[in-house]
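First comes the structure, then the notes that go with it.
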Amino acid sequence: MKEIAPELLEQPEVVVADEKKELAELPNLDKWSKVVMRLAPFPSGPLHIGNARMVVLNDYYVKRYDGTLILVFDDTIGSAEKVVDLEAFDLIPESLDYLGVKCHKTVYKSDRLDLFYKYAIDLIKRGEAYVCDCDAGVWRTDHKVKGIPCVCRNLDIPENIARWEKMLDGTYAEKKAAVRLKTGMDNPDPAMRDHVILRISETDHPRVGSKYRVWPLLEYSWGIDDHELGISHIIRGKDLVKEGKIEQHIWSIYDWPQPELMYYGRLKFQDATLSKSKSGKEVREGTYYGWDDPRTWSMQSLQKRGIDPDAVRKVMLDLGLSLVDISISMKSVYAENRKLRDSEAPRAFFVQDPVWLEALDLKRDHAELLVHPDFPERGVRKIPLHYENGKLQIGIQASDLEKLKSGSIFRLKDLANFTLENKKTPQAKFHSIDVNEVREVGGPIIHWIPRDGSISVELAMIDGTKVMGFAEPGLRDTPVGTFLQFERVGFARIYESGEPIRASFAH
RNA sequence: GCCCCGAUAGUGUAGCACGGCCCAGCAUCGCGGGUUUUCGACCCGUAGACCCGGGUUCAAAUCCCGGUCGGGGCACCA
């Protein structure tokens, strides 16, 4: 056999697939000496879970090819609806830190107006752009829709330069003139006909004040900057494909190398409403308690809840680069988080709004429970039991008491089995120690806390409400920042010590 | 109205550029069972999809044509 067909004896060299499913290669890598990508958030607040796709995808590829990642604050003047918020310049880097994203360089669009002006003049001189003083509404109905050029389009270059000066010096008021790029009035796509690339705005800018009154539009500023910054690959949402086409038009005029454009579809969460403007309003008005309020779905809020950034990254990467609009559930993030963090999370008892139960005849002075059921080597937690006149007060969840029938047997987890004597004024009598006694009859095993020694806990829920309750005494010594599991309640993270201890519910 | 894009199980995704290895893989959810002193974790099993119609071909999830449905753009927003 060995001589006839030795290859059959050898173990086939199975190519072991990478643990992590790799995304597709970036296109045309050979065209570029280095992968350079950029993150371009509009600074109106921290990054939220919906922005994570853009961030994670770009960061992933930069890391994969050892490239450069540039953070570019897209802080042009915006509009009445889109307003730059100064604190976002700090909140966004904070969000990125959480996600483990490292930007090699930070750039502000609002620092680059002179550059945009320089190219604007050049474009006008080349006859590729013109200053249009038509009313926006009239231009839309009479020219764009019909594909008919307006008179401004055919004005000579000196006249256009003169008009440009008038835009800068204030002769033209807001909305009275704008620079249009000659993308073509005969373009079959009305969206592509001679788009405005610079316009007048007298609004004060939070960073540069009233220094400039002519501001670029996104597609123009990027047409210049993607080249100036040496960007090789662009990954962005598909709502920007028209802008991409306009950028390509600009790159063609100058015969610049064309960065690779890639788009992904819209991402919605079935169980989270994402609105940065609404969140901003609620934070300012104090309805939300801050940018780390879970209702903002900001990175800060996820961090506070103890969501591992790698859970977010994993989910985002799993979505890939598809153009389809998708709707996913936060449950997938939670599922990943559980995988990542369940093993580290110590267990504890927490009872919300406890009802007090009098436990009779128990002859133990403490309970011993495992810190983590899967890792007994991590030791035990002790819950001391104090008796007053031979009586022991135990707090249990109202919903658990409700399900119990008088006379039935139940177990206080890791302590003992009891028979419910009285439900109205809750009283239970010691039945037995062995867990099997309750298992055999299918009785419930519930969590509990002793009245004496427990510590009060405020648990911030995902819907913004805060619930009060008590946790076992040992929680006093649990460090701030600990991600733990309240048994039968869910995972949470302690973010503040004291009385009460404050924790944020994760999932 | 005009232009562009997309369509694989409940949800998401792989495969589609070079048709056969795909009676379609993976994850999650569902269901059943096991284990566990949690409604957590773990283990085993199970169910579930190529939008429709035509064409090309020995062979189509993959190519072509037509349709349907869905999304986006048509701002002096980003």
Side-chain angles (χ1 to χ4, degrees), chain A residues 17 21 23-24 40-44 74-84 109 132-137 139-140 144-147 167 174-180 187-193 195-201 214-219 221-222 236-243 245 263 265-267 270 276 314-315 317-329 331-332 334-336 338-339 341-343 345 347-349 367 369-370 372-375 399-400 411-417 434-436 438-439 444-447 485-491 507:
Chain A
K21 184 181 58 192
L23 259 44
F42 182 69
S44 60
D74 219 338
D75 64 335
T76 50
I77 200 69
S79 63
E81 305 84 59
K82 287 210 164 88
V83 182
V84 173
K109 281 261 141 128
C132 175
D133 65 358
C134 298
D135 174 80
W139 195 86
R140 190 181 311 124
K144 184 181 70 187
V145 173
K146 296 176 182 164
M167 282 179 74
E174 241 180 61
K175 304 218 180 236
K176 292 300 177 193
V179 182
R180 290 185 187 279
N187 196 308
D189 182 355
M192 287 297 293
R193 290 174 193 158
H195 229 267
V196 167
I197 55 171
L198 296 120
R199 83 321 184 159
I200 300 165
S201 174
V214 175
W215 287 88
L217 266 66
L218 178 145
E219 46 274 55
S221 71
W222 278 115
R236 50 157 72 136
K238 71 172 181 184
D239 49 313
L240 259 25
V241 303
K242 177 204 71 186
E243 286 69 18
K245 286 180 186 170
Y263 302 97
R266 232 184 110 178
L267 169 64
Q270 294 145 4
K276 212 174 275 184
K314 170 80 162 56
V315 169
L317 253 17
D318 276 352
L319 302 179
L321 219 41
S322 146
L323 243 19
V324 196
D325 295 334
I326 52 176
S327 173
I328 64 167
S329 167
K331 282 181 187 163
S332 47
Y334 301 154
E336 291 303 331
R338 243 178 242 123
K339 280 184 201 164
R341 310 197 71 173
D342 177 70
S343 62
R347 309 290 134 128
F349 281 165
L369 308 87
L370 288 172
H372 191 119
D374 300 338
F375 305 94
S399 57
D400 281 332
R411 181 173 182 81
L412 296 181
K413 188 170 182 282
D414 292 296
L415 180 60
N417 308 322
D434 188 356
V435 66
N436 290 314
V438 76
R439 274 184 179 162
I445 298 170
I446 63 174
H447 60 117
Q485 187 200 98
F486 288 134
E487 295 196 51
R488 303 211 307 141
V489 175
F491 293 89
H507 47 85

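Lettering of chains follows the sequences in order, A, B, ..., and the numbering in each one begins at 1.
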### Task
Starting at atom CG of A:L240, determine the distance to atom P of B:C5, rounded to an integer number of angstrom.
17 Å
### Message
If the cut-off is 4.0 Å, is A:S322 near the phosphate of B:U13, judged by side-chain N/O to OP1 or OP2?
### Response
yes
### Message
Please compare A:S327 and A:A178 by the position of their nearest nucleotide in RNA chain B and report the one closer to 5'.
### Response
A:S327
### A:R193 vs B:C3: side-chain N/O to OP1/OP2 distance below 4.0 Å
no
### Task
Using a 4.0 Å heavy-atom cut-off across all strands, classify A:I197 as base, sugar-phosphate, or nothing.
nothing
### Query
Is a donor-acceptor pair below 3.5 Å formed from side chain A:E243 to base B:A78, judging by atom type as modelled?
yes
### Task
To the nearest Å, give me how far apart NZ (A:K245) and P (B:C4) are.
7 Å
### Message
Requiring both pairing distances under 3.5 angstrom, list the stems that contain RNA chain B and are made of three or more consecutive Watson-Crick or G-U pairs.
### Response
B:1-7 with B:68-74, B:10-13 with B:25-28, B:30-34 with B:42-46, B:51-55 with B:63-67
### Message
Which residue in the set A:R341, A:K331, A:K314 passes salt bridge (charged side-chain N to carboxylate O under 4.0 Å, His left out) when paired with A:E336?
### Response
A:K314
### Query
CG/A:L319 to CG/A:L23 distance, rounded to the nearest 0.5 angstrom?
9.5 Å
### Message
Classify the ring geometry of A:Y334 against A:H507: parallel below 30°, tilted from 30° to 60°, perpendicular beyond 60°.
### Response
parallel
### Query
Between A:K339 (NZ) and B:C43 (C1'), how many Å, whole number?
15 Å
### Task
Give a yes/no answer on whether the side chain of A:T76 brings an N or O atom under 4.0 Å of OP1 or OP2 in B:A78.
yes
### Summary
Counting primed atoms, P, OP1 and OP2 as sugar-phosphate and everything else as base, the B/S/- map of nucleotides 33-40 of chain B against protein heavy atoms under 4.0 Å is ----BBBB
### Query
A:D325 has an atom CG; how far is it from atom P of B:U11, in whole Å?
14 Å
### Message
Taking the P atom in each of B:A59 and B:C23, what is the distance between them to the nearest angstrom?
### Response
15 Å
### Task
Calculate the interatomic distance between A:D239 atom CG and B:G73 atom C1'; express it in whole Å.
10 Å
### Message
Under a 4.0 Å threshold between the charged nitrogen and the carboxylate oxygen, would A:D342 count as salt-bridged to A:R347?
### Response
yes
### Message
For A:N187 and A:L319, find the nucleotide of RNA chain B closest to each by heavy atoms; which residue's nucleotide sits nearer the 5' end?
### Response
A:N187
### Task
Round to the nearest Å and state the distance from A:L218 atom CG to B:A78 atom C1'.
5 Å
#### Entry: Salt-bridge contact A:D400-A:R488 (side-chain N to carboxylate O under 4.0 Å)
yes
### Partners meeting side chain to side chain donor-acceptor pair (under 3.5 Å) with A:R411 (sequence neighbours left out)
A:N417
### Message
Could you tell me how far apart A:L321 (CG) and B:C16 (C1') are, to the nearest whole angstrom?
### Response
16 Å
### Query
Which whole-number value in Å describes the distance from A:W139 CH2 to B:C74 P?
13 Å
